[in-house]
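Not measured: the values here are computed from a predicted model. Side-chain atoms are counted along with the backbone in the values below, which use heavy atoms only and exclude waters and symmetry mates.
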Amino acid sequence: MPHVEVHDKYPVKLYYTLHVGESAHSALGRVSSARSAAAASPEGDSSTTTGSTTSDAESGAGPPASSFQRAAAVPHSQHRVLFVMGLAACGNSEYLEGPLQHLLSLQDAHGRPLVCACTFDNRGVGLSTIPQRWHHYSSTIMAEDVAQLLDHLGWHSKVHLVGQSLGANVCMKAAAKQPDRFASLTMLGGVLSGMHMLKNACLQTPRLTVTV
């Protein structure tokens with residue numbers, strides 16, 4: 001499963017999964033989490049760490065594509081969505097199953113997928129590594145994790161940010177710090193402390209749509 005090392009001061013490895021909607025034409029298919037397969041397979045078996053899907057490779061047209069390669073093939077005009085989960089919730093939470101299925105089913109007039117989504121395990125949760133000290137956990141530090149994950153993905157603008165519970169606060173701080181990076185912010189069940197920061201960001205970036 002792909003991961004990225006984030007935060008120089010409080011370093012962790014964040015494990016993430018990219019999801020691409022099914023295409024009617026397609027070399028692009030949904031990239032699903034391979035957590036169970038990765039846990040069961042011998043270490044170093046990369047075939048189980050990037051998800052599985054139907055692709056040209058399976059019909060002999062070429063080598064298997066990693067989730068990162070498949071997401072890189074998505075047009076820049078496609079909607080990119082990052083989900084940030086709450087306290088102790090993994091990126092593969094059942095809470096996201098319905099929203100993800102809906103988003104990944106969306107297609108344009110030519111039958112091409114409209115959405116590329118990313119889910120990940122927050123620091124100290126799921127497959128992501130555990131910080132060395134308790135004070136290495138904070139919504140501010142986790143917002144910096146989000147920014148560095150987006151840098152790694154190459155998602156520098158027009159990102160739709162969705163946060164649940166603690167993740168809502170993390171998303172709020174990420175959007176307040178880099179409002180130009182995001183197209184929308186959706187906060188589900190968050191404690192809205194620090195809303196003044198977000199208000200200032202919205203005044204600076206009127207196109208940022210916020211839903212609470």
Fill in: Separation between OH of Y95 and CZ of F83, rounded to the nearest 0.5 Å
10.0 Å
Worksheet item: Do V4 and Y15 come within less than 4.5 Å of each other through their side chains, counting heavy atoms only?
Response: no
Fill in: Gap separating the CG atom of L100 from the CG atom of N92, nearest 0.5 angstrom
10.5 Å
Fill in: Distance-minimising heavy-atom pair for V84 and F120
CG2-CE2, 3.9 Å
Worksheet item: Any luck finding a side-chain donor-acceptor pair between H19 and T119 under 3.5 Å?
Response: yes
Worksheet item: Nearest 0.5 Å, what's the CD-CG distance between Q178 and L161?
Response: 10.5 Å
Worksheet item: Is the backbone of M85 close enough, under 3.5 Å, to the side chain of N122 for a donor and an acceptor to pair up by distance?
Response: yes
Worksheet item: Does any non-hydrogen side-chain atom of L150 lie less than 4.5 Å from one of R181?
Response: yes
Worksheet item: Do C118 and L153 come within less than 4.5 Å of each other through their side chains, counting heavy atoms only?
Response: yes
Worksheet item: Hey, does D145 have a side-chain heavy atom less than 4.5 Å from the side chain of R123?
Response: yes
Discussion item. Would you call the rings of Y10 and H135 parallel, tilted or perpendicular, taking 30° and 60° as the class edges?
Written reply: perpendicular
Practice prompt. Give, for atom OG of S157 and atom CZ of R80, the distance between the pair rounded to the nearest 0.5 Å.
Written response: 5.0 Å
Discussion item. I want to know whether H152 and Y16 have ring centres closer than 6.0 Å.
Written reply: yes
